[in-house]
**Q** 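Would you mind keeping the following structure in view while I ask a few things?
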Amino acid sequence: MYVVMNRFKVKTGSEEAFEDVWRNRESRLDELEGFIEFQLLRGPFNEEGGYTLFASHTLWESRDNFIAWTRSEQFRQSHANAGQTKVSYLGHPELETFETVEGTWLKSAPASARA
C-alpha cells in the first residue's frame with residue numbers, strides 16, 4: 001500500500017473556505033486504478049503560528065498507481081482551479097509519501113490493500 005499526504009497550513013479564518021473547496025471539488029479519484037481511499041483531515045490549531053493544520057490523505061495500492069494519477073487527465077482537471085480560491089495559506093503544501101512496511105488490516109479489507 002502507498003500512503004500520500006499533502007499537509008496545508010491554513011491561516012486562521014480561512015478554514016471554512018478551505019473545507020468548502022474540498023467538499024465542492026470534482027475529485028475523480030475513483031476513476032483511477034489502484035485508488036483505495038481519500039480523507040481530508042483537520043489537525044490542531046496553532047495559535048502562535050496563526051494557522052490550522054490540514055492534510056489530504058489518500059491510500060493507493062501502489063506507488064505506480066499514485067504516479068499514474070499525477071499524470072492523468074483527471075488530475076489536471078481536478079487541480080485546474082487551484083490557486084483561484086479565497087483560502088489563505090502559510091507556505092506551500094508539503095507532500096509526504098509512505099510505502100507500507102508492516103500493517104494490520106480488518107479481515108474484510110480487500111486483498112490488494114493488504115499486499
Side-chain angles (χ1 to χ4, degrees):
M1 188 171 332
Y2 198 66
V3 179
V4 179
M5 297 180 73
N6 233 341
R7 294 164 37 108
F8 304 85
K9 292 179 180 177
V10 177
K11 288 185 182 179
T12 302
S14 285
E15 295 91 348
E16 188 174 331
F18 180 78
E19 291 177 14
D20 285 345
V21 167
W22 288 88
R23 280 189 192 104
N24 297 315
R25 80 197 193 313
E26 183 181 357
S27 91
R28 303 188 62 193
L29 285 164
D30 59 345
E31 297 175 15
L32 277 290
E33 184 177 335
F35 169 73
I36 298 171
E37 179 179 284
F38 164 82
Q39 294 180 6
L40 179 63
L41 308 172
R42 180 196 287 247
F45 170 66
N46 183 312
E47 190 171 348
E48 268 185 42
Y51 67 86
T52 299
L53 184 64
F54 284 88
S56 65
H57 179 270
T58 54
L59 297 177
W60 297 87
E61 288 183 11
S62 71
R63 179 181 186 276
D64 290 341
N65 292 133
F66 170 70
I67 297 299
W69 154 246
T70 65
R71 296 177 177 165
S72 71
E73 182 60 30
Q74 290 92 332
F75 180 89
R76 284 186 286 286
Q77 290 175 2
S78 294
H79 293 83
N81 295 324
Q84 298 180 15
T85 67
K86 297 180 181 180
V87 179
S88 294
Y89 301 94
L90 288 176
H92 295 285
E94 296 178 30
L95 181 68
E96 300 173 325
T97 60
F98 305 88
E99 290 188 81
T100 300
V101 174
E102 177 61 29
T104 302
W105 290 267
L106 293 172
K107 291 178 182 168
S108 62
S112 61
R114 297 188 301 254

**Q** Nearest heavy-atom pair of S88 and S14: which atoms, and what distance?
**A** N-OG, 3.1 Å
**Q** Please enumerate all residues that pass ring-ring contact (aromatic ring centres under 6.0 Å, His included) together with F75, with sequence neighbours excluded.
**A** W69, H79
**Q** Is atom CD of E73 surrounded by more than 12 heavy atoms (other residues, nucleotides or ligands) closer than 6.0 Å?
**A** yes
**Q** For E96, is the CD atom crowded, meaning more than 12 foreign heavy atoms sit under 6.0 Å from it?
**A**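 Yes, the 6.0 Å shell around CD holds more than 12 heavy atoms from other groups.
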**Q** For the residue pair W22 and F8, categorise the inter-ring angle as parallel (less than 30°), tilted (30 to 60°) or perpendicular (more than 60°).
**A**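 Aromatic pair W22/F8 classed perpendicular.
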**Q** Over 60° means perpendicular and under 30° means parallel, so tell me whether F18 and F54 are parallel, tilted or perpendicular.
**A** tilted
**Q** Running the 4.5 Å side-chain criterion over Ile, Leu, Val, Met, Phe, Trp and Tyr, what cluster does Y51 land in, apart from itself?
**A** L53, L90
**Q** Quick check on side chain to side chain contact (heavy atoms under 4.5 Å, CB included): which of N65, T97, I67, V3 does W60 satisfy it with?
**A**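 So, applying the side chain to side chain contact (heavy atoms under 4.5 Å, CB included) to W60 and each of N65, T97, I67, V3, only N65 qualifies.
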**Q** Applying the 4.5 Å side-chain criterion to the ILVMFWY set and letting contacts propagate, would L40 and F98 be lumped into a single cluster?
**A**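 Different clusters: L40 never reaches F98 through Ile, Leu, Val, Met, Phe, Trp or Tyr contacts under 4.5 Å.
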**Q** What pair of heavy atoms forms the shortest contact from S78 to E26, and how long is it?
**A** OG-O, 3.0 Å
**Q** For residues L59 and L95: do they belong to one hydrophobic cluster (side chain heavy atoms under 4.5 Å, members Ile, Leu, Val, Met, Phe, Trp, Tyr)?
**A** no
**Q** Same cluster for M1 and M5 if Ile/Leu/Val/Met/Phe/Trp/Tyr side chains link at under 4.5 Å?
**A**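 They do share one cluster, since a chain of ILVMFWY contacts under 4.5 Å joins M1 to M5.
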**Q** When you group the ILVMFWY residues by side-chain heavy-atom contacts below 4.5 Å and let the links chain together, are F38 and V21 in the same group?
**A**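 Yes, because V21 and F38 connect within a single hydrophobic cluster, where side-chain heavy atoms sit under 4.5 Å apart.
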**Q** How long is the span from the CG atom in N46 to the OG1 atom in T12, to the nearest 0.5 Å?
**A** 8.5 Å
**Q** Taking atom CD of E47 as the centre, does the number of heavy atoms from other residues, nucleotides or ligands within less than 6.0 Å exceed 12?
**A**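 No - once you tally the heavy atoms of other residues, nucleotides and ligands closer than 6.0 Å, there are 12 at most.
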**Q** Distance from L32 atom CG to T70 atom OG1, nearest 0.5 Å?
**A**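 Rounded to the nearest 0.5 Å, the CG-OG1 separation comes out at 9.5 Å.
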**Q** When rounded to the nearest 0.5 angstrom, what is the spacing between CD in Q74 and CG in L29?
**A** 9.5 Å
**Q** Working to the nearest 0.5 Å, report the span between OG1 of T52 and NZ of K9.
**A** 12.0 Å
**Q** State yes or no: do F45 and Y89 share one hydrophobic cluster built from I, L, V, M, F, W and Y residues joined by side-chain heavy-atom distances below 4.5 Å, directly or via other members?
**A**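 In one cluster: no.
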**Q** So which atom in E15 and which in V10 form the shortest heavy-atom distance, rounded to 0.1 Å?
**A** N-CG1, 3.9 Å
**Q** What closest approach, in Å, do V87 and A17 show between heavy atoms, and which atom pair accounts for it?
**A**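 Looks like CG2-C, 3.7 Å.
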